[in-house]
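First listed ligand is number 1; within each ligand, the first listed atom is number 1.
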Amino acid sequence: MKAFIFDLDGVITDSAEYHYLAWKALGEDLGIPFDREFNETLKGVSRTESLERILRHGGRENDFSLEEKERLATKKNEHYVSLISKITSDDILPGVEAFLSELKEAGYKIGMASASKNAHMVTRQLGLLHAFDHIVDAATVVDSKPHPEVFLKAAEALAVDPKDCVGVEDAVAGVEAIHAAGMFAVGIGDPLVLNEADIVFTDTTGLTLDNVLTRN
Ligand code: BG6
Ligand code: MG
């Protein structure tokens with residue numbers, strides 16, 4: 001292995017919780033309540049596709065024009081951005097900084113492959129921009145996860161063959177994208193949900209080079 005490529009939301013920081021809160025508030029406005037279980041299906045999914053899934057979930061998929069949907073997505077994003085405007089390095093998930101340092105010292109390339117258009121902003125607020133050799137976010141990608149494009153672009157930018165990359169993800173769609181890219185998949189979360197991953201750690205404290213390499 002020569003490179004590690006990380007998802008952002010739910011792996012580096014728990015912004016997945018803020019995405020959930022912002023979508024849930026919008027859903028309630030639209031009379032589409034949903035719970036954390038449904039929210040699992042939104043993790044790693046782009047903003048536009050998440051809105052489509054929520055509308056379908058509430059049987060309202062034909063109730064809005066394209067423009068109205070754009071307004072709804074913008075409203076969710078404004079709420080999300082206001083929720084994350086206060087995050088700092090204290091919001092980096094436990095073990096992540098130590099793991100990033102361990103990787104850097106051992107000479108691995110470090111990339112990010114995020115489905116979020118806010119990825120640079122969130123990473124800057126966490127004080128982690130310097131920790132990544134390259135960040136690919138949703139703004140420069142055509143096909144979202146589970147399509148492998150975002151992981152493949154990150155590998156290309158790092159000049160590492162995808163088969164020598166480890167992808168780290170908390171979302172089912174993300175694990176699928178890692179495998180479709182031909183990479184080794186580390187899941188963070190419930191092993192029953194992320195059962196397609198090559199290794200799963202229930203949380204980020206399991207992330208050490210030893211733990212990953214001995215099981216790969
Ligand atoms: C992913 C999150 O990282 O980014 C999804 O897991 C989110 O929940 C997606 O919908 C898009 O994020 P943004 O910030 O572009 O709306
Ligand atoms: Mg994620």
Ligand-side contact atoms (ligand 1) for residue partner [X], heavy atom cut-off under 4.0 Å:
X	answer
Asn118	13 (P), 14 (O)
Lys117	13 (P), 14 (O), 15 (O)
Arg47	11 (C), 13 (P), 14 (O), 15 (O), 16 (O)
Leu42	5 (C), 8 (O)
Ser50	10 (O)
Asp9	1 (C), 2 (C), 3 (O), 4 (O), 6 (O)

Look only at interatomic distance and state if Ser116 has a nitrogen or oxygen under 3.5 Å from any nitrogen or oxygen of ligand 1. yes
Structural part of Leu8 in contact with ligand 1, heavy atom criterion under 4.0 angstrom: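 Answer for Leu8: neither.
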Between His19 and ligand 1, which residue portion shows a heavy-atom distance shorter than 4.0 Å: side chain, backbone, both, or neither?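 It is the side chain that touches ligand 1; the backbone stays farther off.
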Which residue and non-hydrogen atom of the protein lie closest to atom 11 (C) of ligand 1, and at what distance in Å?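 Closest protein heavy atom to atom 11 (C) of ligand 1: Ala115 O, 3.3 Å.
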Quick test: of every protein heavy atom, which one is nearest to atom 5 (C) of ligand 1, and how far off is it to 0.1 Å? Val45 O, 3.4 Å
Do Asp29 and Lys75 meet the salt-bridge criterion of a basic N to acidic O distance under 4.0 Å? yes
Any Gly44 heavy atom less than 4.0 Å to ligand 1: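 Judged by the 4.0 Å heavy-atom criterion, Gly44 does count as contacting ligand 1.
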